[in-house]
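Report on the following structure.
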Amino acid sequence: MLDLGFVRTNLELVEKKLRERGQDPAALLGDFRELDLRRRERITEAEQLKAQRNKLTEEVARLKKSGQDASAPMDETRALKTRMDELETAAAESETELRAILTRIPNLTRDEVPVGSSEQQNVEVKRWGTIPEYSFQPKPHWELGAQLGILDLERAAKISGARFAVYWGDGAKLERALIGFMLDLHTREHGYTEVLPPFMVNSKSLFGTGQLPKFAEDLFRCTDAEGLVPGEYRDNDHWLIPTAEVPVTNLYRDETLDEAKLPILLTAYTPCFRSEAGSYGKDVRGIIRQHQFQKVELVKFTRPEDSDVEHEKLTRNAETILERLGLPYRRMLLCTGDTGFSSAKTFDLEVWLPGQNLYREISSCSNFDAFQARRANIRYKPKGQGKTAFVHTLNGSGLAVGRTWLAILENYQQADGSVRVPDALVPYMGGQRMIESRAGA
RNA sequence: GGAGAGAUGGCCGAGAGGCUGAAGGCGGCGGUUUGCUAAACCGUUAUAGGGUUGAAAAGCUCUAUCGAGGGUUCGAAUCCCUCUCUCUCCGCCA
């Protein structure tokens, strides 16, 4: 969420930034200026009346105390009441209208973010690793997984439906090894603290990180709370998390953090659940796009002046995983049209997939500025200043485990269909160096 | 699931219809004293939103906020209703 006062005084800049994202400022902002003006008028009016009422009730108290008749000011206050209720309702209405606009405006992208309408205009920042050459035709992971008997999409469809996967034997073990490897690296070498959050959150949390109210259709909602109105926030509803970003960032919702403790670095392993509404027919083969996938997430809370440096570090932390695993990748700076709703600047890491002969997103590292902090009310008290200020929040996948799993299959496949275990992962596989076909599944 | 108790400022804790944004204590900040530390003493110490003065820093003023939302009343932290959360006991359960 942007600051109301900021939008008021920088309306032209906001409009320009919205256009750069490919959004229609008129549609998003509506009659912002008018609403804002009306809101303040109504508040002023309502508060003046309240002040008047407060004076009168004080008068009543004084008269009663001295044993005098207080019926005159009492009647007057009663007469005031209808008008006051009207004004109060009107002021609250304006507040709601304005807030509805404000909560649907995406974050402003940084000036260094390239202007573009689609991923075609994303800019490649760097490339790492050499693309392996094969003496045979490399296979996509779904073929490898099926042949090895470690990936079972048919039975997953039976027990759960499309876009789910069952991992058997070494497949399940590889997933577990990756989780342990990533968490260990981030906690031991990168300074993150591991947290294990709930996999369900309430809608206030989803509002805090920006998924609600705009993106409800991308989420799975548990129907335990009856009479729920979408876009309405309550404490007792449950949604499956689409990313650990939601529970972890919201850990500090409505809190004021100690500046000395910043930056706070947290990492969390969680499953992630996404409805993938609107992506029918996209990535239907393999496990690229699933309703449930596992992810190790990196989250940071920083002072505003540190967020750019911490963004670069966080991206490097994610890249390090790929490098240790020997997976070739490239870093993309997302253009304005491809940058997420809450983000001011995003780097995507794309891993090379020889089985499909393309680069594929495996991590997304974003700096949200104060956008989420404002929505979630996460603040700190800068030294030497009386005023509290909003922190900056950042996060990135470090990494998406399912996509790392399939990247290893495709990059480390052998001519006979077996898969070599990357050296860094061998200890996490109990010393195992090869994944070979085994009957049994 | 059943029965009960509770939720007040950074923390502890009073208040039980009117001058209470809220006593007292702790903590924090500023100061006095002091060779330094400590102690003592004095002062100060919430957030948000309007209006207004100012170039700004900031000031003045009003409004709201005692878990959340509604109600009663001239007036609610205080009374009533609903909800959420926490604690205790019973039941069930990984």
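Every chain is numbered from 1 and lettered A, B, ... according to where its sequence line falls, protein lines coming before strand lines.
No side-chain donor from either of A:E436 and A:S418 sits under 3.5 Å from a side-chain acceptor of the other. Judged by distance alone, the side chains of A:T243 and A:K295 do bring a donor and an acceptor atom under 3.5 Å apart.
The ring of A:F273 has its center no closer than 6.0 angstrom to the ring center of A:F293.
B:G27 and B:C11 are spaced 7 Å apart, taking the C1' atom of each and rounding to whole Å. When the C1' atom is compared between B:G25 and B:G15, the two are found 15 Å apart, to the nearest whole Å. Rounded to a whole angstrom, the distance from the C1' atom of B:A68 to that of B:A77 is 14 Å. Taking the P atom of each, B:A16 and B:A94 are spaced 49 Å apart, rounded to whole Å. With P as the reference atom, B:U33 and B:C42 are 16 Å apart, rounded to whole Å. Comparing B:U73 with B:U86, their P atoms sit 35 Å apart, to the nearest whole Å. Nucleotides B:U20 and B:U63 have their P atoms positioned 15 Å apart, rounded to a whole Å. Look at the P atom in both B:U44 and B:A48: the space between them is 22 Å, to the nearest Å.
Not a single side-chain hydrogen bond (donor to acceptor under 3.5 Å, both in side chains) links A:R78 to another residue, sequence neighbours left out. When the ring pair (Phe, Tyr, Trp, His ring centres under 6.0 Å) test is applied to A:F32, no partner is found at least two apart in sequence or on another chain. Take A:Y380 and apply the ring pair (Phe, Tyr, Trp, His ring centres under 6.0 Å) test, not counting sequence neighbours, and it matches no residue. A:R83 meets the salt bridge (charged side-chain N to carboxylate O under 4.0 Å, His left out) test with A:E45, A:E86; sequence neighbours excluded. In this structure, the side-chain hydrogen bond (donor to acceptor under 3.5 Å, both in side chains) partners of A:D369, at least two apart in sequence or on a different chain, are A:R110.
For A:D254 and B:U65, the CG to P distance is 18 Å, given to the nearest whole Å. With rounding to whole Å, A:N377 atom CG is found 18 Å from B:U65 atom P. Atom pair A:K204:NZ and B:C85:P shows a separation of 11 Å (rounding to whole Å applied). The CD-C1' distance, from A:E255 to B:C11, rounds to 14 Å in whole Å. In this structure, A:Y380 places its OH atom 15 Å from P of B:U47, rounding to the nearest Å. Between A:L4 atom CG and B:G50 atom C1' there is a gap of 12 Å when expressed in whole angstrom units. Between A:K381 atom NZ and B:U45 atom P there is a gap of 13 Å when expressed in whole angstrom units.
Only A:T57, A:V60, A:A61, A:K64, A:K65, listed by number, bring a heavy atom of residues 57-73 of chain A to less than 4.0 angstrom from any atom of RNA chain B. Against RNA chain B, the stretch residues 77-96 of chain A makes heavy-atom approaches under 4.0 Å through A:T77, A:R78, A:K81.
With the nearest nucleotide of RNA chain B identified for both A:D75 and A:T44, A:T44 has the one nearer the 5' end.
Ionic pairing of A:D254 and A:R379 is not present here: no N-O contact between side-chain nitrogen and carboxylate oxygen is shorter than 4.0 angstrom.
For residues 10-27 of chain A, the pairs satisfying side-chain hydrogen bond (donor to acceptor under 3.5 Å, both in side chains) are A:K17-A:D111, with sequence neighbours left out. Here salt bridge (charged side-chain N to carboxylate O under 4.0 Å, His left out) pairs that include residues 164-187 of chain A, with residues two or more places apart or in two chains, are A:D170-A:R438, A:D184-A:R188. Counting only residues at least two apart or in different chains, salt bridge (charged side-chain N to carboxylate O under 4.0 Å, His left out) contacts with residues 63-72 of chain A are absent.
The aromatic rings of A:F301 and A:Y252 stand perpendicular to each other, their planes meeting at an angle above 60°, with 30° marking the opposite boundary.
Listed pair A:R379 / B:A46 fails the phosphate criterion, with no side-chain N or O lying under 4.0 Å from OP1 or OP2.
Atom CG of A:L108 is separated from atom CZ of A:F6 by 5.5 Å, given to the nearest 0.5 angstrom. Note that the NZ atom of A:K313 and the NZ atom of A:K300 stand 6.0 Å from one another [nearest 0.5 Å].
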Any chance you could encode RNA chain B as dot-bracket? Rule is Watson-Crick or G-U wobble with both distances under 3.5 Å; [ ] for pairs crossing earlier ones, | for another strand.
-> ((((((((.[[[..)..(.....]]]((((((.......))))))((((((((....)))))))).[[[[[..)....]]]]])))))))....
Which atoms of nucleotides 55-63 of chain B (N or O only) lie under 3.5 Å from a protein N or O atom, and what are those distances?
{"residue": "B:U63", "atom": "OP1", "partner": "A:N54", "partner atom": "ND2", "Å": "3.0"}

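At the heavy-atom level, A:R8 lies under 4.0 Å from the strands shown only through sugar-phosphate atoms.
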